[in-house]
Asks: 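Below is one structure. I have some questions about it.
Here, residue 1 is the first one in the sequence, and each next residue gets the next number.
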Amino acid sequence: PNDGNAYLLKAQADVAKNIQTRLTYQRVSDGFTSTSALTQQGTQKYGVTTDITASQQVGISFGYDVQELIPRQVGTSETSAAFIGAQRTDTAFLKSVWTIRPDKLTLAGEYRYQAVTSPSTIATETNSGTDLLAARLDYQYTKQTRLFVAQQVATQSVPSNNYIGNQTTI
């Protein structure tokens with residue numbers, strides 16, 4: 001019999017004019033079964049994100065979150081370790097979106113830092129420390145068609161079983 005449980009807590013507050021902060025906490029125990037949480041068994045996640053509307057054209061977001069394995073009993077499945085890739089992953093980000101032409105053209109930029117504690121031996125995207133820079137340009141061609149180009153660059157990557165390199169999307 002599965003006797004696990006899961007919790008998801010969210011809080012949101014307007015801390016000042018044009019500044020909004022969100023807090024989240026999620027814990028999924030080993031015995032909890034759900035199609036959406038199967039790979040998250042034995043994990044907890046928590047973090048904070050702040051959004052600032054600097055003007056009608058500029059928005060800024062920054063945040064910090066942690067994803068970690070809950071200490072397990074001997075003989076427990078290691079499914080979650082395979083999916084999250086480490087005992088603990090800390091991520092911080094700074095993102096800005098500029099509306100160049102309202103309802104037509106936007107530019108977004110993001111910096112993301114990821115630190116990993118005790119990575120698993122299975123290669124995943126979350127089991128290496130890295131610094132990422134990304135940019136995306138969106139153009140609303142018609143009401144039904146949006147075109148974009150994006151570039152992601154790993155500025156630093158701690159060697160691991162996987163490769164995080166440059167990625168361009170059109």
Side-chain angles (χ1 to χ4, degrees), residues 1-15 19-53 59-97 108-136 138 148 150-169:
N2 291 336
D3 57 355
N5 51 49
Y7 306 96
L8 175 59
L9 305 171
K10 293 183 177 184
Q12 181 173 312
D14 292 326
V15 294
I19 300 175
Q20 186 178 73
T21 296
R22 295 182 308 278
L23 302 168
T24 59
Y25 175 80
Q26 177 182 346
R27 182 180 177 101
V28 181
S29 70
D30 275 330
F32 184 78
T33 303
S34 161
T35 54
S36 64
L38 186 62
T39 61
Q40 298 176 30
Q41 289 182 359
T43 64
Q44 69 179 0
K45 302 172 188 177
Y46 47 92
V48 59
T49 300
T50 298
D51 299 317
I52 301 170
T53 304
I60 300 167
S61 296
F62 58 92
Y64 179 79
D65 63 63
V66 175
Q67 179 174 259
E68 62 189 353
L69 295 176
I70 300 168
R72 300 164 170 251
Q73 296 178 359
V74 177
T76 308
S77 167
E78 292 299 321
T79 303
S80 298
F83 281 96
I84 73 167
Q87 183 65 37
R88 178 180 167 125
T89 303
D90 293 73
T91 305
F93 73 91
L94 174 63
K95 178 179 181 179
S96 186
V97 177
E110 182 172 351
Y111 168 74
R112 182 172 299 268
Y113 170 78
Q114 180 174 287
V116 173
T117 304
S118 301
S120 71
T121 57
I122 301 169
T124 69
E125 288 184 23
T126 59
N127 71 346
S128 67
T130 190
D131 290 310
L132 291 175
L133 289 173
R136 177 176 167 140
D138 280 273
F148 73 90
Q151 174 70 35
Q152 176 178 301
V153 177
T155 59
Q156 175 185 3
S157 183
V158 176
S160 69
N161 296 333
N162 58 330
Y163 172 76
I164 298 175
N166 300 345
Q167 176 181 324
T168 303
T169 307

Asks: Main chain of V66, side chain of T89: is a donor-acceptor contact present, judged purely on distance under 3.5 Å?
Replies: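 No; judged by distance alone, with no hydrogens or angles, the pair does not exist.
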Asks: Less than 4.5 Å apart, side chain to side chain, heavy atoms only: is that true for T49 and F93?
Replies: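 Touching, per the 4.5 Å side-chain cut-off.
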Asks: Are side-chain heavy atoms of E68 and Y46 found at a separation under 4.5 Å?
Replies: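 Yes, at least one pair of side-chain atoms sits under 4.5 Å.
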Asks: Return the CD to OG1 distance between Q67 and T43, rounded to the nearest 0.5 Å.
Replies: 6.5 Å
Asks: If we ignore angles and hydrogens, is there a donor and acceptor under 3.5 Å between the side chains of Y111 and D131?
Replies: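 The answer is yes; a qualifying pair exists.
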Asks: Quick one: CG on L8 to NZ on K45, what's the gap to the nearest 0.5 Å?
Replies: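 It is 10.0 Å, given to the nearest 0.5 Å.
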Asks: Under 3.5 Å, is there a donor-acceptor pair between the Y25 and Q44 side chains?
Replies: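 There is such a pair (donor and acceptor under 3.5 Å, judged by atom type) between the side chains of Y25 and Q44.
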Asks: Taking atom CG of D65 and atom OG1 of T24, what is their separation to the nearest 0.5 Å?
Replies: 7.0 Å
Asks: Just do the side-chain contact (heavy atoms from CB on, under 4.5 Å) check on I19 and T50 with the steps written out, would you?
Replies: CA-CA 7 Å; I19 300 175; T50 298; 3.8 Å; yes
Asks: List the steps, then state whether side-chain contact (heavy atoms from CB on, under 4.5 Å) holds for Q12 with T21.
Replies: CA-CA 6 Å; Q12 181 173 312; T21 296; over 6 Å; no
Asks: Rounded at 0.5 Å granularity, tell me how far OG in S61 sits from CZ in R22.
Replies: 6.5 Å
Asks: Would R27 pass as a cation-pi partner of Y7, given that its NZ or CZ must be under 6.0 Å from the six-membered ring centre and within 45 degrees of the axis?
Replies: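 Pair R27/Y7 does not count as cation-pi.
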Asks: For a 4.5 angstrom cut-off between non-hydrogen side-chain atoms, does Y64 reach D90?
Replies: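 SC-SC contact between Y64 and D90 confirmed.
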Asks: Mind listing the closest non-hydrogen atom pair of T130 and A154 along with its distance?
Replies: OG1-CB, 4.2 Å
Asks: Output, in order, the C-alpha distance, side-chain angles, deciding distance and verdict of side-chain contact (heavy atoms from CB on, under 4.5 Å) for Q152 and L132.
Replies: CA-CA 7 Å; Q152 176 178 301; L132 291 175; 4.1 Å; yes
